[in-house]
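What follows is one structure encoded as structure tokens, with my remarks underneath.
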Amino acid sequence: MAKLSLVVITRNEEQTLEGCLGSVPFADEIVIVDDNSTDATREVAVRHGAQFLSRTLDRFGLQKQFAIEQATGDWILLLDADERLNGELAAAIQVALETDSPFVDGYLVRRLTTLFGREVRYSGWYKLAHLRLFRRGRARFDDRRVHEFAVLDDSSRSAVLSGHVDHHTGDDAAVFRAKSERYARLAAEDWYDMGRRVTLSKVPYYLLLRPAVAFLKRFVGQQGFRDGAVGLQVARMRASADYATARALRRLTRARGH
């Protein structure tokens, strides 16, 4: 059977890491790359026999790329600390490892998010499939500061696994808001690097029209209304994130010029 490395990046995840690692008891190796945690994250990781490495986070894409390069298994499973495998996905992964198909280098996985205690099954979230299980050396991360993703060397050599990753965001609105604001600042830096600018003439588009379209896309186009109150929250969050990112980019544009 092919060997599996579970890879997780962390920062102060003592409350969530236990469940994440416990959902993959069949992992042959666990690699944790930690960004200067001040809680008991290390203790949780060591209790599960993980290799625990420290690296100050610069960009999420670079952090995850560094992490997967430390793994030695035939296959790499990448999870966030607030994620865990559901039973169906855990079984599907074990079958994939046993089969070790020579025609597949990576598997896409769906994610089911629980936001403030409510599952989000529409709003464009649940249908998204992300590359989470891949053959070592056949995929790499981009260098984005945030909203990073892994890409296979050959995208045609991929398949989709049944089941899903359970993603629990937590119920602390203040923590969630702080994380969203941080991500908006990082995303603005990425937008700036890509050549985007919010000049005065573009303010109506970026700070008014774009957030409104983002709201309608989530709530109407992607049927967020079927999620009820949490769907409305998701749509509002998407609009707020677009607005906050554009506002941060406007500040960068004024500070650094065109």
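All values derive from a computational prediction rather than experimental measurement. We number each residue from 1, following the sequence as shown.
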Practice item. State plainly whether the residues D190 and R196 are in salt-bridge range, i.e. N to O under 4.0 Å. Key: no
**Study point:** Set of residues satisfying salt bridge (charged side-chain N to carboxylate O under 4.0 Å, His left out) with respect to R157, sequence neighbours excluded
**Key:** D105
**Study point:** Salt-bridge contact D193-R59 (side-chain N to carboxylate O under 4.0 Å)
**Key:** yes
Check your understanding: Do Q94 and E98 get their side chains close enough for a donor-acceptor pair, meaning under 3.5 Å?
Key -> no
Side-chain donor-acceptor distances from residues 4-13 under 3.5 Å, at least two apart:
from : atom 1 : to  : atom 2 : distance (Å)
S5   : OG     : E29 : OE1    : 2.4
S5   : OG     : G73 : N      : 2.8
T10  : OG1    : D34 : OD1    : 2.6
R11  : NH1    : D35 : O      : 2.7
R11  : NH1    : N36 : O      : 3.3
N12  : OD1    : T38 : N      : 2.6
N12  : OD1    : T38 : OG1    : 3.4
N12  : OD1    : D39 : N      : 3.3
E13  : OE1    : T16 : OG1    : 2.7

Exercise for review: Please indicate whether R254 has more than 12 foreign heavy atoms, meaning atoms of other residues, nucleotides or ligands, lying under 6.0 Å from its CZ.
Suggested key: no
Exercise for review: For Q51, enumerate each residue passing the side chain to side chain donor-acceptor pair (under 3.5 Å) test, keeping only those at least two apart in sequence or located in another chain.
Suggested key: none
Practice item. State the NZ-CZ distance between K64 and R144, to the nearest 0.5 angstrom. Key: 12.5 Å
Point to revise | Test salt bridge (charged side-chain N to carboxylate O under 4.0 Å, His left out) applied to R250 - qualifying residues, sequence neighbours left out | key: none
Review point. With a 4.0 Å cut-off, would you call D242 and R210 a salt bridge?
Key: yes
Point to revise | H167-D80 side chain donor-acceptor pair, cut-off 3.5 Å | key: no
Point to revise | All side chain to side chain donor-acceptor pair (under 3.5 Å) counterparts of R251, not counting sequence neighbours | key: none
Review point. Only one of V109, V24, L161 forms a side-chain contact (heavy atoms from CB on, under 4.5 Å) with I93, so which one is it?
Key: L161
Point to revise | Where at least one partner belongs to residues 73-102, residue pairs that pass ring pair (Phe, Tyr, Trp, His ring centres under 6.0 Å), sequence neighbours excluded | key: W75-Y107
Study note, to complete from the structure: Those residues at least two apart in sequence (or on a different chain) that pass side chain to side chain donor-acceptor pair (under 3.5 Å) with N86 are none
Check your understanding: Is there any ring pair (Phe, Tyr, Trp, His ring centres under 6.0 Å) pair reaching into residues 26-65, and which pairs are they, with sequence neighbours excluded?
Key -> F60-Y183
Exercise for review: Mind checking the CZ-CG spacing from R111 to L79? Nearest 0.5 Å is all I need.
Suggested key: 10.5 Å
Practice item. Using distance alone, with no hydrogens and no angle criterion, decide if S101 and T99 have a side-chain donor and acceptor under 3.5 Å apart. Key: no
Exercise for review: Enumerate the residue pairs fulfilling salt bridge (Lys or Arg N to Asp or Glu O under 4.0 Å) with a member in residues 112-125, sequence neighbours excluded, ordered by first and then second residue.
Suggested key: E119-R121
Practice item. For residues D227 and L232, determine if any side-chain heavy atom of one lies less than 4.5 Å from a side-chain heavy atom of the other. Key: no
Review point. Residues two or more places apart in sequence or in another chain: which of them pass side-chain contact (heavy atoms from CB on, under 4.5 Å) with L208?
Key: none
Revision key, fill the gap. Applying ring pair (Phe, Tyr, Trp, His ring centres under 6.0 Å) to H164 and not counting sequence neighbours gives Y126
**Study point:** Carboxylate-amine/guanidinium contact R132 E83, below 4.0 Å
**Key:** yes
Practice item. Using the test ring pair (Phe, Tyr, Trp, His ring centres under 6.0 Å), find all partners of F215 that sit at least two apart in sequence or belong to another chain. Key: F219
Exercise for review: Carefully, step by step, assess R226 and Q223 under the rule side-chain hydrogen bond (donor to acceptor under 3.5 Å, both in side chains).
Suggested key: CA-CA 6 Å; R226 298 183 67 178; Q223 301 184 52; 2.9 Å; yes
